[in-house]
Amino acid sequence: QVQLVESGGGLVQPGGSLRLSCAASGRIFRINAMTWYRQAPGKQRELVASITSGGNTNYADSVKGRFTISRDNAEKTVYLQMNNLKPEDTAVYYCNVNIQMPLPSLRINDYWGQGTQVTVGQ
């Protein structure tokens, strides 16, 4: 099947930077959109940034100008570069990848990473 492995979370001071990675592996024919979500304690999961297979990006207003999403199609990996982090960025970050399976299935499914904790504080 398909696995997503996230890495890069941690504790950082306000104004600091972190880079998250999410690598896909398994039976994959094509990767479509790749998206980062986050969920803070007591809040709903929200979209942070997304990138299409063609490289078009979309960001939540709260992270525009600070976060950059990118992807390496050869490595089947999506990244989230987070700069000028703020305490309100503290959350568990999840990647979501839309994947088309190979023949004979060709089914398209969304897969989720396991989540990585990002904590911004002293």
Side-chain angles (χ1 to χ4, degrees):
Q1 295 299 328
V2 173
Q3 283 190 323
L4 299 181
V5 178
E6 298 184 32
S7 61
L11 172 65
V12 64
Q13 292 187 349
S17 297
L18 284 173
R19 189 192 194 207
L20 306 184
S21 300
C22 172
S25 63
R27 300 183 66 245
I28 297 171
F29 172 63
R30 179 166 54 209
I31 296 178
N32 299 313
M34 307 179 88
T35 306
W36 287 98
Y37 290 82
R38 67 186 180 187
Q39 188 165 19
K43 294 187 177 181
Q44 289 188 330
R45 191 170 296 189
E46 63 174 354
L47 185 148
V48 177
S50 64
I51 184 167
T52 67
S53 58
N56 293 318
T57 58
N58 181 54
Y59 296 92
D61 288 342
S62 58
V63 307
K64 282 181 181 177
R66 300 188 298 122
F67 291 10
T68 302
I69 189 170
S70 60
R71 61 191 284 169
D72 184 329
N73 291 326
E75 296 295 327
K76 300 183 179 66
T77 299
V78 61
Y79 303 97
L80 186 67
Q81 177 67 44
M82 305 185 294
N83 298 328
N84 190 21
L85 283 160
K86 303 176 180 180
E88 51 263 42
D89 295 318
T90 296
V92 178
Y93 284 70
Y94 299 90
C95 63
N96 174 281
V97 181
N98 185 265
I99 292 173
Q100 184 172 28
M101 300 185 73
L103 289 167
S105 172
L106 294 180
R107 286 185 63 183
I108 297 175
N109 295 309
D110 278 332
Y111 295 88
W112 289 89
Q114 81 278 12
T116 185
Q117 176 70 46
V118 171
T119 303
V120 184
Q122 297 293 340

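Hydrogens, waters and symmetry mates are skipped; everything else that's a heavy atom, side chains included, is used. All of these numbers come straight from a predicted model, not from anything done at the bench.
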Side chain to side chain donor-acceptor pair (under 3.5 Å), that's the test. Do Asn32 and Ser53 meet it? Break it down for me. CA-CA 5 Å; Asn32 299 313; Ser53 58; 5.0 Å; no

Glu75: which residues meet the salt bridge (Lys or Arg N to Asp or Glu O under 4.0 Å) condition with it, sequence neighbours left out?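 With sequence neighbours excluded, Glu75 shows a salt bridge (Lys or Arg N to Asp or Glu O under 4.0 Å) to no residue whatsoever.
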
Row check, Tyr79 ring normal vs Arg71 NZ/CZ: under 6.0 Å, within 45°: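 Cation-pi check for Arg71 and Tyr79: fails.
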
Supply the members, apart from Tyr37, of the Ile/Leu/Val/Met/Phe/Trp/Tyr cluster built from side-chain contacts under 4.5 Å; use none for a lone residue.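 Members alongside Tyr37: Leu47, Val92, Tyr94, Trp112.
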
Could you list the cluster mates of Leu106? Members are the ILVMFWY residues connected by side-chain heavy atoms closer than 4.5 Å, either directly or through other members.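 Listed partners: Phe29, Leu103.
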
Donor-acceptor pair, side chain of [X] and main chain of [Y], under 3.5 angstrom:
X	Y	answer
Gln39	Tyr93	no
Arg66	Asn84	yes
Tyr111	Ala24	no

Side chains of Gln117 and Thr119 only: does a donor on one sit below 3.5 Å from an acceptor on the other?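 Yes, a side-chain donor-acceptor pair sits under 3.5 Å.
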
Can we say Asp89 and Lys86 salt-bridge, meaning some charged N sits less than 4.0 Å from an Asp/Glu carboxylate O?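 Salt bridge: no.
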
Just wondering, are more than 12 heavy atoms of other shown residues or ligands nearer than 6.0 Å to CD in Gln44?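 It does not: Gln44 CD has 12 such atoms or fewer within range.
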
Got Val118 and Thr90 here, is their nearest side-chain heavy-atom distance under 4.5 Å?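 Answer no - side chains too far apart.
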
Among Val48, Ile69, Ile51, find the one that has a side-chain contact (heavy atoms from CB on, under 4.5 Å) with Tyr59.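 The side-chain contact (heavy atoms from CB on, under 4.5 Å) with Tyr59 is passed solely by Ile69 among Val48, Ile69, Ile51.
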
